[in-house]
S.K.: 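Please see the structure below; I have some questions.
Since the structure is predicted, the reported quantities are computational estimates derived from the model, not experimental observations.
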Amino acid sequence: MKKKQTETLARIPRHIAVIMDGNGRWAKKRLLPRSAGHRAGMNRMIELAECIFSRGVECCTMYALSTENLSRPQEELDGLYSLFREYFRKNVETLKKKEIALKIIGDASLLPEDIRLLTQAGEEKTAGGKKGTLVLAIGYGGRQEILAAVNEAVKRGKQLTEAEFASLLDTQGLPDPDLLIRTGKEQRLSNFLLWQSAYTEFYFTETLFPDFSEKELDRALSDYAARERRFGKI
């Protein structure tokens, strides 16, 4: 490993979250249908996750489909669902061999039944993975997640500590993200990991997600390593 890369990796986040924005605009710039952008984004997601885990990161969360995305035209959703089916059928075995555990967060009831079954099978098949956790947020919304946890707390009829409340969230058992990367120029959370990102470092880039390369990842990691994280302390 080169000296410069070694220095870049000297301080690695345990958990990286990624808002994969810009697939549609990537396709539009190339006069391609949006479906081509989504496919390019899926391919980039697979490659980027591999790069992230190769850097020693323990957990990687990818924002694959938000609750707001579900209001998109049915034709586009059908295309996304086809990509999800393809992903789970082709990549689960690879994750198992690499000892990467797969975890799905979001409201499964919003998804087609066959995709729900594929996600469940993927989680079960990779459950023994000890070298990292790949989290896919599908049909996910941060406000909806918090509301569901609040309603569960109400059912229990008692006040909860932060740790007890966190145990009711989809991300139970996972570390909060240290670094959140958003591609595609926009600088907002878009209803993603709202509770978990209280002290997350944000990295925004204008690069559209299908173009977010390994070099771009290392640039984000270098930026993260240069920051001082005080968590409200002096």
S.K.: Judged by atom type as modelled, is there a donor-acceptor pair below 3.5 Å linking the side chain of E123 to the main-chain atoms of I104?
M.R.: yes
S.K.: Let me know which of R55, R219, R44 forms a salt bridge (charged side-chain N to carboxylate O under 4.0 Å, His left out) with E214.
M.R.: R55
S.K.: Strictly by modelled atom types, are D78 and Q74 linked by a side-chain donor-acceptor pair under 3.5 Å?
M.R.: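 Yes, side-chain donor-acceptor contact under 3.5 Å.
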S.K.: With a cut-off of 3.5 Å and sequence neighbours excluded, list every side-chain donor-acceptor pair involving residues 135-148.
M.R.:
from	atom 1	to	atom 2	distance (Å)
Y140	OH	E145	OE1	2.5
Y140	OH	L193	N	3.3
Q144	OE1	N191	ND2	3.0
Q144	NE2	T67	OG1	3.3
E145	OE1	Q196	NE2	3.3
E145	OE2	D170	N	2.9
E145	OE2	Q196	NE2	3.2

S.K.: I'd like to check the side chain to side chain donor-acceptor pair (under 3.5 Å) partners of E50; sequence neighbours left out, ordered by chain and number.
M.R.: K98
S.K.: If we ignore angles and hydrogens, is there a donor and acceptor under 3.5 Å between the side chains of T207 and E216?
M.R.: yes
S.K.: Between K125 and E93, does any NZ, NE, NH1 or NH2 come within less than 4.0 Å of an OD or OE carboxylate oxygen?
M.R.: yes
S.K.: Please confirm whether R11 makes a cation-pi placement over Y224, using NZ or CZ under 6.0 Å from the six-membered ring centre and within 45° of the ring normal.
M.R.: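 R11 over Y224 ring: yes.
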S.K.: Kindly say whether P175 contributes a backbone atom to a donor-acceptor pair with the side chain of H15 at under 3.5 angstrom?
M.R.: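 Checking the backbone N and O of P175 against the side chain of H15, a donor-acceptor pair under 3.5 Å is found.
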S.K.: With sequence neighbours excluded, what pairs up with E124 under the side chain to side chain donor-acceptor pair (under 3.5 Å) test?
M.R.: none
S.K.: Does the side chain of S66 come under 3.5 Å of the side chain of N69 through a donor N or O and an acceptor N or O?
M.R.: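 The answer is yes; a qualifying pair exists.
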S.K.: Please confirm whether the backbone N or O of G79 pairs with a side-chain atom of S35, one donor and one acceptor, at under 3.5 Å?
M.R.: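 Between the backbone of G79 and the side chain of S35 there is no qualifying donor-acceptor contact (under 3.5 Å).
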S.K.: Could you name each residue pair satisfying salt bridge (Lys or Arg N to Asp or Glu O under 4.0 Å) that touches residues 182-196, not counting sequence neighbours?
M.R.: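 Listed by first then second residue: D21-R182, E186-R188.
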S.K.: Give a yes or no answer on whether the side chain of R30 reaches the backbone of W26 with a donor-acceptor pair at less than 3.5 Å.
M.R.: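 The answer is yes, because a donor-acceptor pair under 3.5 Å joins these two groups.
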S.K.: Is the number of heavy atoms from other residues, nucleotides or ligands under 6.0 Å of R39 CZ greater than 12?
M.R.: no
S.K.: Strictly by ring pair (Phe, Tyr, Trp, His ring centres under 6.0 Å), give each pair with a member in residues 151-172 just once, sequence neighbours left out.
M.R.: F165-W195
S.K.: Under 3.5 Å, side chain of Y87 to main-chain N/O of N43, donor-acceptor pair present?
M.R.: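 Not a single qualifying donor-acceptor pair exists.
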S.K.: Please enumerate all residues that pass side chain to side chain donor-acceptor pair (under 3.5 Å) together with R116, with sequence neighbours excluded.
M.R.: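 If we apply the side chain to side chain donor-acceptor pair (under 3.5 Å) test to R116, skipping adjacent residues, there are no hits.
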